[in-house]
Amino acid sequence: MRLAVFGASGQLGQVLPPHFPHAEISLFPSERIDISDLLAVQSAVSAVRPDVVINAAAMTDVDGCEKDPEAAFRANALGPRWLAQEVSRSGALLVQVSTDFVFPGRPEGSYHEWDIAHPVQVYGQSKLAGEEEVRSSGCRHLIVRTAWLYGGFDRGFVLAILRKALAGQSLRVVVDQVGSPSFTHDIAGGIAKLLALGVTGTVHLANHGSVSRFGLAEVILREAGIDVPLEPISSEEISAPALRPADTSLTSFVTSGLGLAMRPWHEALHEFVKEALDHGI
Ligand SMILES: NC(=O)c1ccc[n+]([C@@H]2O[C@H](COP(=O)([O-])OP(=O)(O)OC[C@H]3O[C@@H](n4cnc5c(N)ncnc54)[C@H](OP(=O)(O)O)[C@@H]3O)[C@@H](O)[C@H]2O)c1
């Protein structure tokens, strides 16, 4: 199988290759290809002639999207349009990675694949537009909605908490945002399994269970054995440019139907915190 990965230097893009040991893989990081550039996408797809394209590229800075909607829609909707168009022409399959932020948040969370998307900020709106570009293109596709990604040693919430705590800083973390923290390796492995089974359509893929940002920070500190002051605060106290939904935790009727259970988020977090500390982050 020939596989092309766009957004190859992002948190998820970086960890995809080892999950496809038998594939011939072409990596397209943002420095090489801007997916909103039609000619660049055309030349990449025609040069590689992939059987499968995974689009892990996105503008993921939620507040940045709010401040610059045009940039958000170019990366998150126009890019998927061009990829879907070229994939459709070549008969390949497109894996479009999407987000829990297509949902507005509700007290009980637990959004499944048939819940109605209704994003409340530009990031979610642009990602939903990207999903719709892929669905309406007619290309064979798998849309994977994931959540609260962490993994690798350069960015993300889990690393930020660990680094501040290791530096002895006290922490203030929002308690009114709840989601499903998901380890990039588990998501990459899940995508590989879905592809091997020939699954198409929309699938939710996140580690099992949910927790608030504050609760997650508590577990990170406990796993790392670090004791620094940790204070719960409300989203209002931060007054970020973009609205954050209350609870967008994901559940999946598709993976449960397939017997593809994702492990609980705290098991995956335990593994990552140990790796990060061993790595000397
Ligand atoms: N991070 C999360 O918590 C989270 C939660 C739910 C869903 N997701 C989704 O999961 C996917 C992977 O997220 P991630 O956490 O791996 O994000 P990430 O670490 O921010 O990586 C995204 C990558 O896309 C690149 N990119 C941005 N605009 C691009 C463009 N126009 N053309 C080509 N590349 C572009 C970025 O490059 P630069 O760094 O150079 O901008 C970056 O390398 C995304 O679809 C995201 O929406 C993420």
Side-chain angles (χ1 to χ4, degrees), residues 4-17 27-41 44-45 53-65 68 70-83 94-103 105 111 117 119 121-131 133-134 141-161 177-188 190-191 202-207 210 213 216 242 244-245 248-250 265 268-269 272:
V5 178
F6 291 85
S9 54
Q11 288 192 102
L12 180 62
Q14 278 176 32
V15 304
L16 284 163
L27 299 175
F28 296 101
S30 58
E31 308 82 64
R32 208 172 146 196
I33 296 261
D34 173 353
I35 58 166
S36 68
D37 178 341
L38 174 60
L39 294 182
V41 170
V45 174
V53 169
I54 301 183
N55 180 26
M59 180 167 170
T60 56
D61 171 358
V62 176
D63 291 326
C65 288
D68 191 348
E70 184 172 349
F73 277 88
R74 283 171 61 88
N76 296 343
L78 189 60
R81 176 187 294 185
W82 299 149
L83 286 168
L94 175 61
V95 180
Q96 168 67 15
V97 183
S98 193
T99 173
D100 57 330
F101 273 28
V102 298
F103 295 113
Y111 285 102
Q121 74 298 97
V122 171
Y123 169 66
Q125 288 156 2
S126 65
K127 292 293 294 181
L128 181 60
E131 290 188 6
E133 291 289 349
V134 171
H141 64 265
L142 170 64
I143 294 173
V144 172
R145 292 191 186 128
T146 187
W148 290 24
L149 286 180
Y150 65 88
F153 305 119
D154 53 84
R155 59 182 107 172
F157 177 84
V158 176
L159 271 190
I161 294 288
Q177 294 171 26
V178 174
S180 305
S182 297
F183 186 27
T184 48
H185 270 292
D186 288 11
I187 303 309
I191 291 173
T202 303
V203 180
H204 289 182
L205 211 52
N207 281 120
S210 64
R213 291 263 180 212
L216 177 56
R244 300 302 199 275
T248 52
S249 53
L250 296 178
W265 66 265
L269 183 76
F272 176 70

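Excluded from the calculations below are hydrogen atoms, water molecules and symmetry mates; all remaining heavy atoms, backbone and side chain alike, are included. Counting convention: from 1, in listed order, for ligands and their atoms alike. Each residue takes its place number in the sequence, starting with 1.
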**Q** Heavy-atom cut-off of under 4.0 Å around ligand 1: list whichever protein residues fall inside it, by chain and number.
**A** Ser9, Gly10, Gln11, Leu12, Ser30, Ile33, Asp34, Ile35, Ala56, Ala57, Ala58, Thr60, Ala75, Val97, Ser98, Thr99, Asp100, Tyr123, Lys127, Thr146, Ala147, Trp148, Leu149, Arg155
**Q** Backbone N or O of Leu269 within a donor-acceptor pair of the Tyr150 side chain at under 3.5 Å?
**A** yes
**Q** Would you call the rings of Phe272 and Phe153 parallel, tilted or perpendicular if under 30° counts as parallel and over 60° as perpendicular?
**A** parallel
**Q** What residues, two or more places apart in sequence or in another chain, satisfy salt bridge (Lys or Arg N to Asp or Glu O under 4.0 Å) together with Asp100?
**A** none
**Q** Which heavy atom in Thr146 sits nearest to a heavy atom in Ala206, and how many Å separate them?
**A** OG1-CA, 4.5 Å
**Q** To the nearest 0.5 angstrom, please state how far the CG atom of Leu12 sits from the CG atom of Asn55.
**A** 10.0 Å
**Q** Output the distance between atom CZ (Arg145) and atom OG1 (Thr202), rounded to the nearest 0.5 Å.
**A** 5.5 Å
